[in-house]
Amino acid sequence: IDEINASMDALMTVAQSSKGITLGDVKPLSKAIKNASKKGLTEEVPEMKDAIDLEQRLMEQIVVQKELQSALDSGKIDKLKSALDHAGDLDMNIDLVKKVRKMVKEQQAQRPASERLKEREKKENMNDEEFERHRNNNIKMAKHERYNFRKYYKIRTDGDYVKNIYFNKKKVSETKLSYQKNVIPKSILELDKDMNKMALGVHKSILGYCGEQLMSFPATLAQDILIKGLEQPE
């Protein structure tokens, strides 16, 4: 048990490293599990079960790390997104994940408007059966922990969000993804200057429509939000 606990403690530190892990990092834990098994320990022992679960999880991480690197080397958007999904399943946030996210953002930003329009038209032209199947798949996927909105890769970092704020930075960053009655200092997502300005305007209109801030003609505010959504579907 002591050997297992010591190996797990050492591995947990390595697993949190931004560099990721290697097979060599996992070997001491695998050896400790093997030795404990020879001495009659089974998964009924909590420490043994935790060690086996951790070993399996880290071996999966090593596989995903290779997938992330392969996706980076290929530069293909489908492979990049698939690798990100698998990294999300394991809640990974190592340097490789950040590099893949960056490449996905760059490729999406460079996509021509005609291509995005074609995708929208394809969705709009779905028949009822296709739409329902697409909807059910999306609902099923949305239940997965990796799709928790707090993990969305386009959300600004706390440092970026409070960059131009001089007081109460900690409080502002802590409420970034929470309901608030004041207009946010920056768009929640990473947007360019013009889109950021529009996002702040939309948020202000939402507050006015909901009665959190006193504004005239709330129905007009709601209409303005809808128009902006149609004009800027991205």
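Numbering starts at 1 and runs along the sequence shown. What you are looking at is a predicted structure, and each value in this text was computed from that prediction instead of being measured. Computation of the quantities below employed the complete heavy-atom set of this structure, encompassing side-chain atoms and omitting hydrogens, waters and symmetry-equivalent molecules.
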_Over 12 foreign heavy atoms within 6.0 Å of NZ, Lys102_ = no
*Test: Glu174 and Lys171 ion pair at under 4.0 Å*: no
_Check for me, please, whether Leu200 and Leu221 land in the same ILVMFWY cluster - side-chain distances under 4.5 Å, paths through other members count._
no
*Could you grab the distance from atom OG of Ser82 to atom CG of Leu68, nearest 0.5 Å is fine?*
9.5 Å
_Over 12 foreign heavy atoms within 6.0 Å of CD, Glu129_ = no
*What are the two closest non-hydrogen atoms of Gly208 and Met215, and how far apart are they?*
CA-SD, 3.8 Å
*asked:* Quick one, Leu58 and Leu54 - any side-chain contact, counting heavy atoms below 4.5 Å?
replied: yes
_Atom pair CG (Leu29) and CG (Leu11), whose distance is rounded to the nearest 0.5 Å_ = 5.5 Å
*asked:* Quick check: closest heavy atoms across Lys79 and Ala71, and the distance to 0.1 Å?
replied: O-CB, 3.6 Å
*Quick one: closest heavy-atom pair of His203 and Ile184, and the distance?*
ND1-N, 3.3 Å
_With a sphere of 6.0 Å drawn around CD1 of Ile139, does it hold more than 12 non-hydrogen atoms of other residues, nucleotides or ligands?_
yes
*Would Val202 and Tyr209 show up in the same hydrophobic cluster when neighbours are defined by side-chain heavy atoms closer than 4.5 Å?*
no
*asked:* I'd like to know if the side chain of Gln213 reaches the main chain of Lys204, judged simply by a donor and an acceptor atom lying under 3.5 Å from each other, with no hydrogens or angles considered.
replied: no
*Hey, quick one: are Val162 and Leu177 part of the same hydrophobic cluster, counting side-chain heavy atoms closer than 4.5 Å, chains of contacts allowed?*
yes
_Sub-4.5 Å side-chain heavy-atom contact between Leu191 and Met198_ = no
*With the side chain counted from C-beta on, respond yes when Asn35 and Lys31 share a heavy-atom pair under 4.5 Å apart, and no when they do not.*
yes
*Could you tell me which non-hydrogen atom of Leu72 sits nearest to which non-hydrogen atom of Val100, and how far apart they are?*
CG-CG2, 3.7 Å
*So do Met59 and Ile62 actually touch side chain to side chain, heavy atoms under 4.5 Å?*
yes
*Gln223 and Ile227: side-chain contact (heavy atoms from CB on, under 4.5 Å), yes or no, with the steps?*
CA-CA 6 Å; Gln223 184 181 38; Ile227 291 173; 4.0 Å; yes
*How long is the span from the OG atom in Ser7 to the CG atom in Asp25, to the nearest 0.5 Å?*
12.0 Å
*Can you get from Phe217 to Ile206 by hopping between Ile, Leu, Val, Met, Phe, Trp and Tyr side chains that sit under 4.5 Å apart?*
no
*Can you tell me how far the CG atom of Asn148 sits from the NZ atom of Lys143, to the nearest 0.5 Å?*
15.0 Å
*Supply the atom-to-atom distance Ser70 OG to Lys76 NZ, rounded to the nearest 0.5 angstrom.*
9.5 Å
*Gln180 side chain to Val172 main-chain N or O, any donor-acceptor pair under 3.5 Å?*
no
*Does CG belonging to Asp78 count more than 12 external heavy atoms closer than 6.0 Å?*
yes
*asked:* Please check this pair: side chain of Asp224 against backbone of Thr220, looking for a donor-acceptor N/O pair closer than 3.5 Å.
replied: no
*Salt bridge present between Asp53 and Lys49 (N-O < 4.0 angstrom)*: yes
*Could you state whether Leu84 and Leu189 fall into the same hydrophobic cluster, counting links through intermediate Ile, Leu, Val, Met, Phe, Trp or Tyr residues with side-chain heavy atoms under 4.5 angstrom apart?*
yes
*Closest approach of Leu207 and Val183, non-hydrogen atoms and distance?*
CD1-N, 3.7 Å
*So do Lys186 and Ile165 actually touch side chain to side chain, heavy atoms under 4.5 Å?*
no
*Heavy atoms of other groups near Arg135 CZ, more than 12 under 6.0 Å*: no
*Looking at side-chain heavy atoms only, is the closest gap between Arg101 and Asn93 below 4.5 Å?*
yes
_Would Lys81 and Asp85 count as a salt bridge (charged side-chain N to carboxylate O under 4.0 Å, His left out) here? Give the steps._
CA-CA 6 Å; Lys81 286 185 175 181; Asp85 283 345; over 6 Å; no
*Return yes if some donor-acceptor pair links the side-chain N/O of Glu130 with the main-chain N/O of Asn127 below 3.5 Å, else return no.*
yes
*Mark yes or no for whether Lys176, through its side chain, and Arg156, through its backbone, hold a donor-acceptor pair below 3.5 Å.*
yes
*Look at atom CZ of Phe149 and say whether more than 12 heavy atoms of other residues, nucleotides or ligands are closer to it than 6.0 Å.*
yes
*About how many Å separate OG1 of Thr157 and NZ of Lys163, when rounded to the nearest 0.5 Å?*
9.5 Å
*Taking all heavy atoms of Gln65 and all of Ile94, pick out the closest pair and write down the distance.*
CG-CD1, 3.7 Å
*Are there more than 12 heavy atoms of other residues, nucleotides or ligands under 6.0 Å from atom OH of Tyr161?*
yes
